[in-house]
Amino acid sequence: MPEGHTVHRLAHAFEELFGGQPLAVSSPQGRFADGAALLDGLRLVSTEAYGKHLFLGFSPAPGGSDEDLRWLRTHLGLYGSWTFAGDATFSAPHAIGAPRRRVGEEEVAGDGAGAAAPAEWRVPEPRGAVRARLLGEHGVADLTGPAACEVITAAEKVAVQERLGPDPLRPDGDGEAFVRNVRARRRAIGELLMDQEIVSGVGNIYRAESLYRARIHPRRLGRDVPAARLSRLWADLVEVMADGVATGRIVTTRPEDRTPPGEVRDPEGEPVEGEPAEGERWYVYRRTGLPCLVCGAKVAEAVLQARRLFWCPRCQRAPRRRV
DNA sequence: CACTAATGGCAAT
DNA sequence: TTGCCCTTAGTGC
């Protein structure tokens with residue numbers, strides 16, 4: 001998916017584009033018709049990301065308390081996506097969510113060419129299976145392929161959040177709780193990082209890459225990883241995921257491990273500015289069999305909990321005890 | 001046209 | 001551990 005950084009970007013985007021506005025809410029596909037009817041015409045007053053869940057708060061009456069808000073909870077799952085369109089005042093990326101155009105591209109930037117003057121903009125027809133459509137004065141957001149899309153109460157929202165582990169991207173993200181959560185289990189750290197009750201927002205790329213950066217073998221048991229190393233792992237997640245929020249892309253390699261800027265070439269041999277060379281964005285994710293960017297050993301791959309797991313067998317020393 | 005993979009998560013076994 | 005759900009884009013016949 002769309003890992004946590006994507007969802008935090010979405011929360012910011014909805015705040016900027018629709019915050020404070022009454023929205024027309026519909027379900028062109030029909031599967032969210034009942035929920036859409038509960039929200040249609042209400043004002044969007046709050047946006048919040050927690051792990052991979054996006055919460056949009058709608059006020060049923062002016063001046064109502066937070067307890068009265070109706071919350072739209074969406075979860076993009078493996079391939080959900082939000083697509084935006086609007087007039088010239090509406091400056092969102094075209095789409096935020098699962099990669100569609102090619103592997104590794106998770107956002108499609110608006111090119112500005114389609115931006116019309118406010119008076120000229122026409123609401124586009126929904127494309128594909130649009131579960132939910134939010135329409136404001138200057139733009140529209142369409143949701144396709146979500147794993148979850150439902151209207152819940154404030155109490156239900158609290159219940160969802162209480163089941164989630166600390167989120168490295170939230171100010172209330174509690175690194176010490178993360179360390180305690182991991183060290184309380186004898187499951188592999190590579191499994192624990194994907195468990196949203198242990199830490200929320202980490203997905204398959206951040207799992208593999210943060211373990212590489214911390215030089216921890218993914219099969220080492222949580223309780224066997226020293227607390228100090230877990231604290232550093234948490235701090236690194238905060239850093240690398242915040243970069244994902246800022247840029248909209250996951251880049252985990254350090255500059256010193258990449259081809260120097262100025263020497264990067266595209267496939268035609270032309271110099272490329274400001275982008276990591278192809279294949280140097282990540283240390284191990286989807287680099288099976290390729291040489292480690294640091295030590296040259298072949299990157300290994302295994303399947304763990306039905307997801308592909310990648311690591312460097314030399315930089316990430318094998319644990320004494322395997323799972 | 002069939003088949004697959006994709007940065008998830010859940011329930012049933 | 002398997003299977004199923006959400007949807008799209010790419011591949012290959």
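So you know, we letter chains A, B, ... as the sequences are listed, proteins then strands, and number each from 1.
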Check: Are side-chain heavy atoms of A:Leu230 and A:Trp234 found at a separation under 4.5 Å?
Finding: no

Notebook entry, point to check: In terms of hydrophobic clustering (I, L, V, M, F, W, Y; side-chain heavy atoms under 4.5 Å; direct or indirect links), are A:Ile205 and A:Val251 co-clustered?
Noted result: no

Checklist line | Spacing between A:Leu143 atom CG and C:dT8 atom C1', to the nearest angstrom | finding: 14 Å

Note to self: Does this structure show an ion pair linking A:Asp195 with A:Arg187, if we count only N-O contacts that are shorter than 4.0 Å?
What the structure shows: yes

Check: Is the distance from OP1 or OP2 of C:dT8 to the nearest side-chain N or O of A:Arg127 less than 4.0 Å?
Finding: no

Checklist line | Integer-rounded Å distance: C:dG3 C1' and A:Leu78 CG | finding: 15 Å

Next item on the list: For B:dA6, take OP1 and OP2 only and decide whether either is under 4.0 Å from a side-chain N or O of A:Arg308.
Entry: yes

Notebook entry, point to check: If you check every side-chain atom of A:Gln196, which of B:dG9, B:dG8, C:dT7 has the closest atom?
Noted result: B:dG9

Note to self: Looking at A:Arg31, I'd like to know whether one of its side-chain N or O atoms comes within less than 4.0 Å of OP1 or OP2 on C:dT7.
What the structure shows: yes

Item checked: A:Arg163 CZ - B:dC10 P separation (whole Å) -> 8 Å

Check: Which nucleotide, B:dG8, C:dT8, B:dA6, lies nearest any side-chain atom of A:Ala129?
Finding: C:dT8

Checklist line | Atom P, compared across B:dC10 and C:dT8: separation rounded to whole Å | finding: 22 Å

Next item on the list: Specify the separation, in whole Å, of atom NE2 of A:His75 and atom C1' of B:dC10.
Entry: 11 Å

Item checked: B:dG9 and C:dA9, which share atom name C1', separated by this distance in whole Å -> 23 Å

Checklist line | Under the side-chain contact (heavy atoms from CB on, under 4.5 Å) test, residues paired with A:Ser210 that sit two or more places apart | finding: A:Leu193, A:Leu233, A:Leu237

Checklist line | By side chain to side chain donor-acceptor pair (under 3.5 Å) - contacts of A:Tyr50 (at least two apart) | finding: none

Margin query: Please report the distance, rounded to the nearest Å, between CG in A:Leu76 and P in B:dC10.
Written below: 14 Å

Margin query: On the nucleotide B:dA6, are OP1 or OP2 found under 4.0 Å from the side-chain N or O atoms that A:Arg307 carries?
Written below: no

Check: Separation of A:Asp142 atom CG from C:dT7 atom P, in whole Å?
Finding: 13 Å

Checklist line | Nucleotide B:dG8, atom P - distance to NE2 of A:His53 in whole Å | finding: 12 Å

Note to self: Under 4.0 Å, counting only non-hydrogen atoms across every strand here, what does A:Glu197 touch: a base, just sugar-phosphate, or nothing?
What the structure shows: nothing

Check: Rounded to whole angstroms, how far apart are CD on A:Gln305 and C1' on B:dC10?
Finding: 13 Å

